[in-house]
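Here's the structure, in structure tokens; my notes come after.
Heavy atoms only: backbone and side chains are in, while hydrogens, waters and symmetry mates are out.
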Amino acid sequence: MIRLLGYFFGVACVLFLGVAAIVAIYLATVTKDLPDYAVLSSYEPPVTTRVHAGNGALMAEYAKERRLFLPIQAVPDRVKAAFLSAEDKNFYQHPGIDVTGFARAVVAYLTGGPTQGGSTITQQVAKNFLLSSEQTMERKAKEAILSFRIEQAYSKDKILELYLNEIFFGLNSYGIASASLTYFNKSVNELTIADAAYLASLPKGPANYHPFRHPEAAVTRRNWVIDRMVENGYVSQSDGAEAKKQPLGVTGRSSGPSLFASGYFAEAVRRQLIDQYGEKMLYEGGLSVRTSFDPALQVFARKALQDGLTNYDERRGFHGPIKQIDTADWGKALADIPALTDVPEWRLAVVLAVSDDSVDIGLQPPKDGAGKIPAERERGVIEAKNMQWAYRSDAGRKTAKSPAGVLSAGDVVYVERLGEEGANSYRLRQPPKVEGGLVAMDPKTGRVLAMVGGFSYAQSEFNRATQAMRQPGSSFKPFVYAAAMDNGYTPASVVSDDPLTIQTGNGQVWAPDNYEGEGGGANTLRFAIEHSRNRMTVRLANDLGMNTVAEYAERFGIYDHMMPVLAMSLGSGETTVMRMVSAYSVIANGGKQIKPTLIDRIQDRYGKTIFKHEERVCEGCNASEWQNQDEPNVVDNRETVLDPMTSYQITSMLQGVIQRGTAAGKIDLGGRDVAGKTGTTNDEKDAWFVGFTPDLVAGLYIGFDSPSTLGRGGTGGSLSAPIFNEFMQVAVKDMPESKFVIPAGMNLIPIDRKTGMAAVQGDPNTIIEAFKPGTGPADRFSVIGMDNAMAPEEILRTSPQANQAVQSGAGGLY
């Protein structure tokens with residue numbers, strides 16, 4: 001018996017050594033090509049780039065894998081407990097693998113059964129970071145070996161941190177921080193026991209526990225996790241029971257811009273980030289971007305432009321319904337039609353019945369997260385008085401006398417509720433065919449505060465504020481006059497307004513005319529810009545030299561390269577709203593060059609600032625303590641591109657545009673200083689207005705995307721100035737009131753507004769004009785565009801104002 005036992009022992013030893021040798025050879029083969037687990041120490045996962053408004057509110061997120069990295073110290077204990085209970089309750093005790101589970105998987109494999117899981121959190125880290133997801137024994141062996149090594153190299157908290165930031169939760173959400181926002185719109189430290197348990201249930205199979213497609217399975221799995229939390233002592237019995245009673249509470253947070261009306265601005269920022277850093281950095285780099293976006297001003301700007309576009313469009317008549325649907329089951333058919341999601345005031349509706357007095361409508365039902373619509377159908381009424389504008393056809397001709405002549409059953413249209421929420425009275429609406437763009441900017445810094453690129457970003461992503469190249473028309477003229485003021489002319493210089501013809505280089509004749517053909521005689525440059533006289537501007541540009549005008553236009557950034565031809569003095573070149581607003585900002589800030597920007601600051605994933613728009617230096621701002629020193633001084637080292645005195649002269653002249661000129665009666669900011677210029681292009685294809693107060697510049701145009709006439713009266717004064725006025729009235733309401741600064745040394749002299757000469761006391765045509773030192777009213781009536789100066793006696797025959805002044809005994813002043 002002893003010899004037999006010795007024999008079996010010897011055989012067992014041989015077998016053991018043989019198996020050990022085989023295992024050793026197998027492990028040597030498996031470990032030969034193991035990935036380097038040291039890369040975990042420099043883990044930099046793809047992280048979401050987040051874009052914030054100027055007030056810190058989240059505007060947009062960009063990511064291929066929506067992930068926010070969260071250090072383990074910031075993860076609450078209840079969230080850790082949920083994942084440990086769901087995935088690996090012995091995580092803090094085992095050496096990297098669950099020996100029992102691993103042995104069970106080996107036995108199942110050797111007996112021909114399916115490859116089992118049973119992975120610990122450490123094994124999942126090894127698999128997710130270093131290995132493939134194939135279900136083979138070799139991969140499981142590699143996973144186990146790497147798990148031992150990872151456990152020896154890193155702390156348990158570090159391993160858990162890697163796991164919680166890497167795993168996929170569904171809905172394109174990676175990592176616990178992103179999942180918390182995506183599913184519950186909460187930060188991780190706001191998650192309840194029920195919330196944390198549901199998130200912990202997702203890594204096993206996000207699609208299997210989808211909150212809207214499989215809500216029952218989701219609740220069952222969540223409650224199982226809660227039970228494990230109670231069983232493991234992380235949660236009390238009563239708290240667990242209470243948590244299981246809670247609904248899932250998933251909100252399904254949108255991945256789009258979360259700030260109202262920010263679509264155009266956010267997209268412009270996205271394009272800039274790609275240009276500056278590339279797509280990989282944008283979608284994986286975890287940038288934190290603080291923009292100049294002002295949410296309140298954006299809402300004002302959006303409403304003003306939309307009001308202007310819809311008012312113009314409704315005057316042109318009804319375009320017809322969006323489409324026709326069957327009214328038998330109108331709820332589902334209507335729910336499937338895409339709506340303008342960024343125009344929440346409007347809703348899609350289907351016409352159910354029409355009479356001479358009203359229209360009965362059914363309103364588009366909302367869909368839930370699973371795409372289902374409620375059984376209850378909401379109804380409303382459009383009274384005849386609330387759709388009278390639609391009695392005209394698309395060509396503006398009246399073609400109907402009642403709602404019955406406009407709509408029929410099955411027509412899908414847009415409507416807007418009238419009165420309080422819950423009222424069933426609606427107004428007929430339609431998306432306008434005309435478009436436009438608006439930009440508001442801080443003239444002192446170049447920070448873009450608001451940007452509207454069209455009626456609706458959901459309808460068209462083309463940004464007409466930054467991408468549309470349009471002729472600025474007469475809104476370009478202030479830069480012709482600025483060049484003149486910088487080169488010896490004064491606001492009192494006189495120009496002929498008589499008809500003129502110009503021989504072009506190709507042998508043709510150009511005869512520029514004023515709007516509606518008015519004009520004639522001679523007048524001051526102030527009068528010329530206030531009343532937007534084309535002939536006077538062309539004569540001034542010709543006398544000044546178009547090379548000079550072109551140099552100023554390029555200096556202000558309106559054009560990169562401007563052709564020095566006379567037609568360009570009337571704004572016939574193409575530029576953008578953004579460029580025009582930037583150029584006007586130089587006038588508004590006293591002549592300092594600015595760099596328009598949408599972005600204040602960019603930080604990388606570690607919080608290091610990699611871009612900052614503000615380049616001015618603040619001396620003494622970072623003093624460690626106060627020792628009776630003077631307050632810090634911000635050194636403005638920006639280049640001066642326009643003489644501050646010239647800047648004030650142009651500003652004063654543009655104030656006259658609003659007080660007496662082409663925008664008279666259109667702008668009223670309650671007595672605040674405001675200046676601006678209208679612009680209307682040939683055939684009234686574009687209508688512009690750009691204006692400013694001392695603290696805010698805004699500019700806009702409206703026109704069709706395929707340029708065509710806006711119709712008679714489609715001018716900057718009649719169409720665009722009221723939009724500017726609507727925006728600015730609310731935009732500056734809470735701003736401190738300030739005045740345009742008159743530069744030191746500038747002389748304010750009363751002159752005759754017609755002749756530009758010094759005024760006599762009591763002259764009703766007197767105006768206070770700004771002159772630079774060494775300049776003043778002319779003592780001879782010299783007219784730009786005429787060959788010689790006119791003697792005083794000749795003035796009497798051409799200027800009744802001058803005649804009156806001489807009759808008053810003031811002839812010696814000329």
**Message:** Between the side chains of Glu166 and Arg67, is the shortest nitrogen-to-carboxylate-oxygen separation below 4.0 Å, so that they form an ion pair?
**Reply:** yes

**Request:** Would you check if the side chain of Glu161 reaches a backbone N or O of Ile72 as a donor-acceptor pair within less than 3.5 Å?
**Result:** yes

**Message:** Using every non-hydrogen atom in the two residues, find where Ala196 and Arg78 come nearest and quote the distance to one decimal.
**Reply:** CB-O, 4.2 Å

**Prompt:** Once the angle between the rings of Phe455 and Trp346 is folded into 0 to 90°, is it parallel (under 30°), tilted (30 to 60°) or perpendicular (over 60°)?
**Reply:** tilted

**Message:** If we ignore hydrogens and angles and just use 3.5 Å, is the side chain of Asp239 paired with the main-chain N or O of Val235 as donor and acceptor?
**Reply:** no

**Prompt:** Would Phe727 and Phe300 satisfy ring-ring contact (aromatic ring centres under 6.0 Å, His included), going step by step from the backbone distance to the final call?
**Reply:** CA-CA 6 Å; Phe727 167 66; Phe300 301 151; 7.2 Å; no

**Request:** Please confirm whether the backbone N or O of Arg221 pairs with a side-chain atom of Ser201, one donor and one acceptor, at under 3.5 Å?
**Result:** no

**Message:** Main chain of Pro215, side chain of Tyr209: is a donor-acceptor contact present, judged purely on distance under 3.5 Å?
**Reply:** no

**Request:** Look at the side chain of Ser155 and the backbone N and O of Lys158, then say whether any donor-acceptor pair between them is shorter than 3.5 Å.
**Result:** yes

**Complete:** To the nearest 0.5 Å, atom CZ of Arg270 lies from atom OG1 of Thr49 at 11.5 Å

**Prompt:** Ignoring hydrogens and geometry, is there a side-chain-to-backbone donor-acceptor pair from Asn55 to Ala57 under 3.5 Å?
**Reply:** yes

**Request:** Would you indicate whether Glu376, at its atom CD, is surrounded by more than 12 heavy atoms from other residues, nucleotides or ligands within a distance under 6.0 Å?
**Result:** no

**Asked** Hey, are the side chains of Met578 and Val448 touching, using non-hydrogen atoms and a 4.5 Å cut-off?
**Response** yes

**Request:** Please test Thr182 against Phe169 for side-chain contact (heavy atoms from CB on, under 4.5 Å), starting from the C-alpha separation and ending with a verdict.
**Result:** CA-CA 9 Å; Thr182 299; Phe169 286 87; over 6 Å; no

**Message:** Just so I know, are the side chains of Tyr457 and Val452 near enough to count as touching, which here means a heavy-atom distance under 4.5 Å?
**Reply:** no

**Asked** Less than 4.5 Å apart, any side-chain heavy atom of Tyr62 and any of Arg50?
**Response** no

**Asked** If every non-hydrogen atom of Ala243 is compared with every non-hydrogen atom of Ile226, which pair is closest and at what distance?
**Response** CB-CD1, 3.8 Å

**Prompt:** Does the side chain of Met441 come within less than 4.5 Å of Pro596's, by heavy atoms?
**Reply:** yes

**Request:** For the pair Tyr183 and Tyr198, name the ring-plane relationship: parallel under 30°, tilted 30 to 60°, perpendicular over 60°.
**Result:** perpendicular

**Prompt:** To the nearest 0.5 Å, how far apart are CG in Leu160 and CG in Asn165?
**Reply:** 9.5 Å

**Asked** Does the side chain of Thr220 come under 3.5 Å of the side chain of Asn223 through a donor N or O and an acceptor N or O?
**Response** no

**Request:** Could you walk me through whether Leu273 and Ile602 pass the side-chain contact (heavy atoms from CB on, under 4.5 Å) test, one step at a time?
**Result:** CA-CA 10 Å; Leu273 291 172; Ile602 302 174; 3.6 Å; yes

**Message:** Quick one about Ser187 and Asn189 (side-chain donor to acceptor, distance below 3.5 Å, no hydrogens or angles considered), yes or no?
**Reply:** yes

**Message:** Please report the interatomic distance CG(Leu348) to CG(Leu340), rounded to the nearest 0.5 Å.
**Reply:** 7.5 Å

**Asked** Given the rule in the side-chain contact (heavy atoms from CB on, under 4.5 Å) test, do Tyr414 and Val343 qualify, once you have shown the distances and angles that lead to the verdict?
**Response** CA-CA 11 Å; Tyr414 276 101; Val343 190; over 6 Å; no

**Prompt:** What heavy-atom pair brings Phe611 and Ile599 nearest, and what distance separates the two atoms?
**Reply:** CE2-O, 3.6 Å

**Prompt:** Is a donor on one side and an acceptor on the other found under 3.5 Å between the side chain of Gln272 and the backbone of Leu598?
**Reply:** no

**Inter-residue atom distance Trp224.CH2 - Ser85.OG, 0.5 Å rounding** = 8.5 Å

**Lys NZ or Arg CZ of Lys156 over Phe91 ring: under 6.0 Å, within 45°** = yes

**Message:** Which heavy atom of Gly437 sits nearest to which heavy atom of Val577, and what is that distance?
**Reply:** O-CG2, 3.9 Å

**Prompt:** Given side chains that start at C-beta, do those of Gln276 and Met281 come closer than 4.5 Å, heavy atoms only?
**Reply:** no

**Prompt:** How far does OG1 of Thr291 sit from NE2 of His613, to the nearest 0.5 angstrom?
**Reply:** 12.5 Å

**Prompt:** Can you tell me how far the OG atom of Ser292 sits from the CZ atom of Arg447, to the nearest 0.5 Å?
**Reply:** 5.0 Å

**Asked** How about Glu61 and Thr48: does a side-chain donor come under 3.5 Å of a side-chain acceptor?
**Response** no

**Prompt:** Is a salt bridge present between Asp275 and Arg271, judged by a nitrogen-to-oxygen distance below 4.0 Å?
**Reply:** no

**Prompt:** Do Gln603 and Ile610 come close enough that some side-chain heavy atom pair is under 4.5 Å?
**Reply:** no

**Heavy-atom pair with the smallest gap, counting every atom of Ala458 and Asp342** = N-OD2, 3.2 Å

**Prompt:** Can you find a side-chain donor-acceptor pair between Tyr277 and Asp604 that sits under 3.5 Å?
**Reply:** no

**Message:** Please check: side-chain N/O of Gln364 versus main-chain N/O of Ile337, any donor-acceptor pairing under 3.5 Å?
**Reply:** yes

**Salt-bridge present (Asp195, Lys186; N to O < 4.0 Å)** = yes

**Item:** Donor-acceptor pair between Thr251 and Asn185 side chains, under 3.5 angstrom
**Value:** no

**Message:** I'd like to know if Asp227 pairs up with Lys244 as an ion pair, taking the criterion as any Lys NZ or Arg NE/NH1/NH2 lying under 4.0 Å from an Asp or Glu carboxylate oxygen.
**Reply:** yes

**Prompt:** What are the two closest heavy atoms between Leu438 and Ala465, and how far apart are they?
**Reply:** O-CB, 4.0 Å

**Sub-4.5 Å side-chain heavy-atom contact between Leu287 and Leu282** = no

**Item:** side chain to side chain contact (heavy atoms under 4.5 Å, CB included) partner of Phe83, the single match among Val75, Ile167, Asp88
**Value:** Ile167

**Prompt:** Is His210 reaching over with its side chain to a backbone N or O of Arg213, donor-acceptor style, under 3.5 angstrom?
**Reply:** yes

**Item:** Presence of salt bridge, Glu284 and Arg66, under 4.0 angstrom
**Value:** no

**Asked** Does a side-chain heavy-atom distance below 4.5 Å link Leu259 with Phe293?
**Response** yes

**Gln298 vs Ser262, side-chain contact (heavy atoms from CB on, under 4.5 Å): CA-CA, chis, key distance, verdict** = CA-CA 7 Å; Gln298 180 70 19; Ser262 64; 5.7 Å; no

**Asked** Could Glu614 and Arg290 be called an ion pair, given the rule that one side-chain N must be under 4.0 Å from one carboxylate O?
**Response** no

**Message:** Please tell me whether Tyr264 and Arg302 have a donor and an acceptor in their side chains that are separated by less than 3.5 angstrom.
**Reply:** no

**Prompt:** Between the side chain of Arg464 and the main-chain N/O of Gly453, is any donor-acceptor distance below 3.5 Å?
**Reply:** yes

